[in-house]
2 protein chains.
Amino acid sequence: MASPTEENYLKTLFTKADKNGEIAITELSQYLKVSAPTANSMIKNLSQQGLVNYEKYKLLSLTARGKKEAAFIIRKHRLTEMYLVEKMGFGWEMVHEIAEQIEHIDSPRFFDRMDELLGYPKVDPHGSPIPDKNGKITAKTLVKLSDCKVGDTVTLSALANSSEEFLKYLNSKQLQLELKLRVEAIEPFDQNMKIKYLRNRVEILSQMACNKLLVEKQL
Amino acid sequence: MASPTEENYLKTLFTKADKNGEIAITELSQYLKVSAPTANSMIKNLSQQGLVNYEKYKLLSLTARGKKEAAFIIRKHRLTEMYLVEKMGFGWEMVHEIAEQIEHIDSPRFFDRMDELLGYPKVDPHGSPIPDKNGKITAKTLVKLSDCKVGDTVTLSALANSSEEFLKYLNSKQLQLELKLRVEAIEPFDQNMKIKYLRNRVEILSQMACNKLLVEKQL
DNA sequence: ATAATAAGTTAGATTGATCTAAATTATAAT
DNA sequence: ATTATAATTTAGATCAATCTAACTTATTAT
Ligand SMILES: [Mn+2]
Ligand SMILES: [Mn+2]
Ligand SMILES: [Mn+2]
Ligand SMILES: [Mn+2]
C-alpha cells in the first residue's frame, strides 16, 4: 500500500531515530533530501495512516504499526544487499544503491525466496541485522572498537556507517567482517589505534574510523 | 531518465505495434489500463522527447531512439525473467509480475551481471528474444504450430502469448520449450491437433492453443 | 452524400510529491 | 524577561499522472 516515497520515510524514521525512537522533522527532511515543508506534509499523511506519532512542534516517532512496516522494508533492503553480495558477486560497497531501489518491489515471494536461497541470514553484508518475516529484529550487543583497550582481542562484526567512502577505505586495508582484531596500542594524544589482524598486518586507525567499527569481544 | 510510467509506454508501444510498427492510441491506452486522454497527453510528452512519432489522429510509432530505449527496457524485463527462472527457481508462470517491477531498476551493472551469470542468454523463459547491450534483437523466424501439417516434427521454441493462464495450461500438459513435437493428426472440422511428445505422450490441442505455440521445423 | 458511430482530442479537475516565501512557535542568549 | 535565533508550520504554486465530460475529426453504413 505504501508508495516508495512513504517507504523511504518509514525506513529513515526507523534507522535514524535516537535511543528513544525520536527524531526532529528537519533532521528527517535532511536525510531524505527534501525540504522541511515537504517532510511536514508527508508526516501528516503518515500520522493520518496511523504509522507515525505526530504532534505539532514535537519530535516524531513511529507507532507500533509504523515500526512493523519499517522493519519489513528494512528486511527487503538488507536481504537484497546480502543476495547481491553472496549470490551475485557484488562488493559490499556497491550494493546499497541497488538495494535502495529493489527494497520497493512488491513481492513477498521474491524476498522470501532470496531469504531461503541465502539460508536465512541474520545480518546484511555490513553486519546490520535483518528483520525476520514477522518484522522482529534480533541484534547482538556490540561495542565500538574505539571503546576497547590495549590487549583486547575482538571480532569485527558490523559497521556503524556504511558509506561507500568508508567501505572503500576498509577494502584498501583488507578489513572485512568476522576478522579478528587485536588492539596493540592506543595513542594517548588522538586515540589513534594500532590494530593487528590477518596474521601480521598492522594498521593505525583513526578514532573516527574506530568509532564506526563495531566489534564483539571474543567469540 | 524515463520514469517507470514512460518506460511502460515505450515497452508497450514496442511489443504491441503491428507489422508496420504502428498502433492506435486507444489500443495502447487499453493495454496500459489508462484512459485515452491520459495516453494522449503522455504520447505528446514522449513525442516532445523525440521518442514517439505523433501526428494528430494518425497511428503512433516509435522513433529510432524510442525503439532503442524500448529495447533496453525489454532487455531488463527478459533478463530478469530468465534470472528468476534459472537462478532463483521460479516457475515460468510466476516471473512476469516480478519482472514488470524490476525492469524499472536503474542499474546497468545489475542487469549486466545477471546477463553474465546467465551466460548471455538469447531468449527469455517464454522464448522471446533478449535484446543485447546495444539494443539489437536477433529473433529466429518461427512458425505457429497451427500452421504445421500432419507428420511435421518440430521444436517448441516460443510462445506468442505468455499469460499466466496459458502457462499453467502448458504446465498441466508438461509442455515446455525445447520439446520435440510431432503432429499426428489434424481434425478437419475445428483444426484441433493431435500432438505426440515426450516419448509417448499424446494430447489434443485446440487451434487456439496451437496458434500460440511457436515452433521451429527440425533442429 | 449524409448521417451515425467510433476514435481521438481538449478542457478542466484531482492527487501525490515537491518547492519557496512567509508566518508562527519554541529555544537559547543576553 | 526580552530578544534573537532556530525549528516548524502554513500558504500557495508547480509538475507528473491520472480522471470524466464535452467536443472534434475520421470512418462506416445507409
Ligand atoms: Mn544499505
Ligand atoms: Mn529506497
Ligand atoms: Mn514478461
Ligand atoms: Mn513495468
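We name chains A, B, ... by the order of the sequence lines, and we start the count at 1 in each one.
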Pick the nucleotide of DNA chain C nearest each of A/Pro37 and A/Asn45; which residue has the one closer to the 5' end? A/Asn45
Picking from C/dA26, D/dC19, C/dT18, the nucleotide nearest the side-chain atoms of A/Val34 would be C/dT18
Of the listed nucleotides (C/dG8, D/dA17, C/dT24), which one gets closest to any side-chain atom of A/Tyr57? C/dT24
Any donor-acceptor pair under 3.5 Å from A/Thr15 side chain to A/Lys11 backbone: yes
Does [N] have OP1 or OP2 under 4.0 Å away from a side-chain N or O of [X]?
| X | N | answer |
| --- | --- | --- |
| B/Lys33 | D/dT18 | no |
| B/Tyr54 | C/dT9 | yes |
| A/Asn40 | D/dT8 | no |
| B/Ser3 | D/dA17 | yes |
| A/Lys56 | D/dA7 | no |

Integer-rounded Å distance: [N] [atom2] and [X] [atom1]:
| X | N | atom1 | atom2 | answer |
| --- | --- | --- | --- | --- |
| A/Leu46 | C/dG16 | CG | C1' | 12 Å |
| B/Met42 | C/dT9 | CE | C1' | 17 Å |
| A/Ile23 | D/dA7 | CD1 | P | 13 Å |
| A/Glu55 | D/dT9 | CD | P | 11 Å |
| A/Ile25 | C/dT25 | CD1 | C1' | 14 Å |
| A/Glu22 | D/dT8 | CD | P | 12 Å |
| A/Leu32 | C/dC19 | CG | P | 11 Å |
| A/Leu59 | C/dT27 | CG | C1' | 13 Å |

Hey, does [X] reach any base, or is it just sugar-phosphate, or nothing, if we go heavy atoms under 4.0 Å?
| X | result |
| --- | --- |
| A/Ser35 | base |
| A/Ser41 | base |
| B/Thr38 | base |
| A/Lys58 | nothing |

Just checking, is any N or O donor in the side chain of [X] or [Y] under 3.5 Å from an acceptor N or O on the other one?
| X | Y | result |
| --- | --- | --- |
| B/Ser29 | B/Thr26 | no |
| A/Asn45 | A/Glu6 | yes |
| B/Trp92 | B/Asp124 | no |
| B/Glu164 | B/His96 | no |

